[in-house]
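Computed from a predicted model, the values in this text were never measured in an experiment. Both backbone and side-chain heavy atoms feed into the values below; hydrogens, waters and symmetry mates do not. So that the names make sense, note that chain A is the first sequence line, chain B the second, and so on, each numbered from 1.
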2 protein chains.
Amino acid sequence: MGSGQPKGRSGGRPTLEEVAARAGVGRGTVSRVINGSPRVSERTRAAVEEAVAELGYVPNTAARALAANRTDSIAVVVPEPESRFFAEPYFSDIVHGVGTALADTDMQLLLTFAGGDRERRRLAQYLSAHRVDGVLLVSVHADDPLPDLLEQLEVPAVISGRRRADEPLASVDSDNFAGARAAVTHLLSRGRRAIATITGRLDVYGAQLRLDGYRDALAQAGHGPEEALVARADFTEEGGRRAMEELLARRPDLDAVFAASDVMASGARQVLRRAGRRIPDDVALVGFDDSAIARHMDPPLTSVRQPIAEMGRTMTDVLLAEIADPRPPATRRLTRPRIVLPTELVHRASS
Amino acid sequence: MGSGQPKGRSGGRPTLEEVAARAGVGRGTVSRVINGSPRVSERTRAAVEEAVAELGYVPNTAARALAANRTDSIAVVVPEPESRFFAEPYFSDIVHGVGTALADTDMQLLLTFAGGDRERRRLAQYLSAHRVDGVLLVSVHADDPLPDLLEQLEVPAVISGRRRADEPLASVDSDNFAGARAAVTHLLSRGRRAIATITGRLDVYGAQLRLDGYRDALAQAGHGPEEALVARADFTEEGGRRAMEELLARRPDLDAVFAASDVMASGARQVLRRAGRRIPDDVALVGFDDSAIARHMDPPLTSVRQPIAEMGRTMTDVLLAEIADPRPPATRRLTRPRIVLPTELVHRASS
DNA sequence: ATCAATCATGGGAGCGCTCCCACTGTACTT
DNA sequence: AAGTACAGTGGGAGCGCTCCCATGATTGAT
């Protein structure tokens with residue numbers, strides 16, 4: 001029909017077919033070259049590559065996805081835009097790690113947002129409708145339906161931070177328990193005796209593990225369970241302030257505080273200062289996360305560093321391996337990796 | 001071939017065809033319903049919607065992209081993973097804003113990373129190969145080839161922060177000039193007289209504008225150009241320290257510093273404190289960005305807030321409008337929006 | 001020299017959708 | 001009564017690729 005140009009419609013990008021014509025070979029052969037199949041002679045390969053370069057050919061992803069039934073992309077599912085998640089450096093660092101891991105591949109990264117449960121159900125549908133090859137879940141709550149939906153739809157997924165001890169999904173976590181224990185052991189070694197802790201929301205498994213680590217360190221040092229001094233908070237600065245006030249009221253002579261996040265430590269610091277306590281002279285303070293806040297606090301905050309970017313990288317590696325795995329999902333389920341990355345105590349002036 | 005099932009291969013997700021069969025209509029009609037075309041009778045629409053719900057049908061994005069030649073997704077191009085860009089809250093906030101704006105649409109967000117020029121060329125090819133409908137560029141350097149490549153390939157794009165005064169692309173920026181001027185005017189109104197500034201890299205246009213704002217405020221207050229006290233830095237903490245040392249050497253009696261970023265202000269603060277200067281008693285300090293650092297610094301830092309999330313939102317709105325615009329690119333070029341959002345001075349104890 | 005295996009290659013079929021043309025039926029005109 | 005308009009619909013063609021089968025050329029074994 002129409003203007004007579006048989007193939008190379010000058011507008012638009014070149015197609016496989018045009019490359020094939022130019023190189024004087026068939027479509028299949030070009031496809032083989034593009035995809036690095038070994039079953040092509042050197043001569044032919046060179047000819048095709050030249051044609052590709054001359055025409056500036058780039059495969060059409062949509063066509064490839066449709067034909068091959070894979071998308072060469074993975075999604076990171078981010079908790080709803082309204083959440084405080086974004087305020088934390090966690091997000092950037094995870095994404096940074098994912099980006100690094102993806103740089104070596106030709107996979108792309110899709111960022112999806114989902115707040116409420118209904119939205120997350122819709123998202124599961126959407127993701128499974130062959131939109132992505134796999135999913136990275138960050139900051140998932142214990143009762144989130146998404147992980148199970150993805151499991152059911154057989155979409156490969158990796159979760160950051162276990163939801164509970166027997167996390168069924170492939171997971172990558174940092175060693176919250178050991179990190180907390182190291183922080184408290186450090187305080188003990190500096191001669192502190194009345195060591196309190198401010199916890200995060202205990203329905204977040206990592207927060208529970210940090211509390212366990214605190215208790216374990218005290219026990220190891222011969223302290224009885226009754227010496228534990230625990231105030232629950234919720235990872236917020238305001239929560240940190242309230243918890244610190246509570247602790248000071250309960251135990252005015254405390255000489256150290258381990259806060260389960262830097263943000264809460266910052267809140268605690270304000271209350272301590274207002275109460276006339278010097279840091280670290282009167283009260284030593286240790287945080288968790290080693291965020292920018294820790295470095296810029298006054299005095300700089302000793303904190304437990306989590307290798308967050310490395311977690312992002314590792315999650316991606318695990319996911320890519322899962323995607324590449326030819327075995328049926330039922331088989332894989334039994335050998336899903338559960339990786340725990342070491343944390344590290346960064347000592348600064350606050351302790 | 002083979003197992004006899006004519007259509008509904010029980011594995012896999014349902015297709016348009018299956019929905020059509022179920023609803024007793026043709027493929028075209030289902031497509032019309034899915035895409036909200038008005039040319040469908042109420043009865044038919046209801047029947048199709050029921051079939052869609054029953055089968056849990058979700059359109060295959062790849063097929064749609066291939067047939068309709070659009071992808072319903074946009075890309076955010078992020079400077080290379082190695083850059084410090086990630087360390088800044090800027091990134092999260094922009095993405096947050098983009099996510100918010102996208103939540104109302106069914107567009108998806110692709111995050112792409114590109115470091116060197118070669119990578120960025122490759123990326124331009126890739127993006128233009130019908131992978132995305134439009135591109136959001138953040139933190140672009142003055143000599144980045146990517147914007148021009150995209151222009152050439154007729155890929156709709158919006159840039160955050162103009163590269164120069166006559167930015168040809170659609171752009172969304174914050175009012176760096178007015179923000180800096182407000183900061184310096186504030187310092188003047190507090191009785192400060194010897195006001196220095198620490199600049200960012202001046203090849204970043206925004207940094208130049210902040211310097212211009214500083215100069216303008218001084219001029220407006222009747223200070224001669226010779227009273228300007230400028231030290232150049234590079235947006236880093238270390239740069240802030242060095243610049244502060246230089247300023248202190250040149251003008252020991254300075255009583256205020258306007259740093260073009262919070263991070264540099266943090267570096268300056270360290271040097272000031274080491275030199276025995278009290279903040280704000282001896283030297284008032286103002287930053288730019290109003291990042292987490294500003295809130296947690298001691299004393300808390302007065303800073304110029306940029307509406308970064310809103311910039312992300314606005315950029316997205318502009319891009320979506322550009323994508324929807326049916327006029328040819330040549331026409332649009334003349335009326336590309338150049339939006340400048342207001343900044344706001346957040347007063348804290350450091351000034 | 002003959003046959004089997006292997007390699008390299010071309011091209012048909014089909015992935016699931018949108019676009020558009022052709023067709024039917026109903027409502028309104030003159 | 002015949003004509004015109006248009007709302008509503010079905011389905012062919014085709015988007016650009018991968019997969020796979022058929023084919024011919026080449027090699028090695030007997």
Just how far, in rounded Å, is [atom2] of [N] from [atom1] of [X]?
X	N	atom1	atom2	value
Asn69(A)	dT18(D)	CG	P	13 Å
Arg131(B)	dC17(D)	CZ	C1'	14 Å
Glu17(A)	dC17(D)	CD	C1'	10 Å
Arg13(A)	dG16(D)	CZ	P	12 Å
Arg64(B)	dC17(D)	CZ	C1'	20 Å
Glu18(A)	dG16(D)	CD	P	8 Å
Leu66(A)	dG14(D)	CG	P	17 Å
Asn60(B)	dG14(C)	CG	P	18 Å

* Taking only N and O in the side chain of Arg27(B), is any of them less than 4.0 Å away from OP1 or OP2 of dG11(D)? ->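 For dG11(D), OP1/OP2 do not have a side-chain N/O of Arg27(B) under 4.0 Å.
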
Once you round to the nearest 0.5 Å, how far does [atom1] of [X] lie from [atom2] of [Y]?
X	Y	atom1	atom2	result
Thr105(B)	Ile74(B)	OG1	CD1	7.5 Å
Asn69(B)	Asn60(A)	CG	CG	8.0 Å
Asp173(A)	Glu167(A)	CG	CD	9.5 Å
Thr100(A)	Phe113(B)	OG1	CZ	7.5 Å
Leu319(B)	Ile159(B)	CG	CD1	12.5 Å
Tyr126(A)	Thr61(B)	OH	OG1	4.5 Å

* Asked: Mapping Gly26(B) and Leu16(A) to their closest nucleotides on DNA chain D, which lands nearer the 5' end?
  ->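 Nearest nucleotide further toward 5': that of Gly26(B).
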
* Please list residues of residues 28-48 of chain A whose heavy atoms come under 4.0 Å from any atom in DNA chain D, ordered by number; otherwise none. =>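 Hits under 4.0 Å, by residue number: Ser31(A), Asn35(A).
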
* Choose from dG16(C), dC19(D), dG14(C) the nucleotide whose nearest atom is closest to any side-chain atom of Ala68(A). =>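 Among dG16(C), dC19(D), dG14(C), the one nearest the side chain of Ala68(A) is dC19(D).
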
* **salt_bridge(Arg313(A), Glu310(A)) N-O dist < 4.0 Å** =>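 Not counted as a salt bridge, because no side-chain N and carboxylate O are separated by less than 4.0 Å.
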
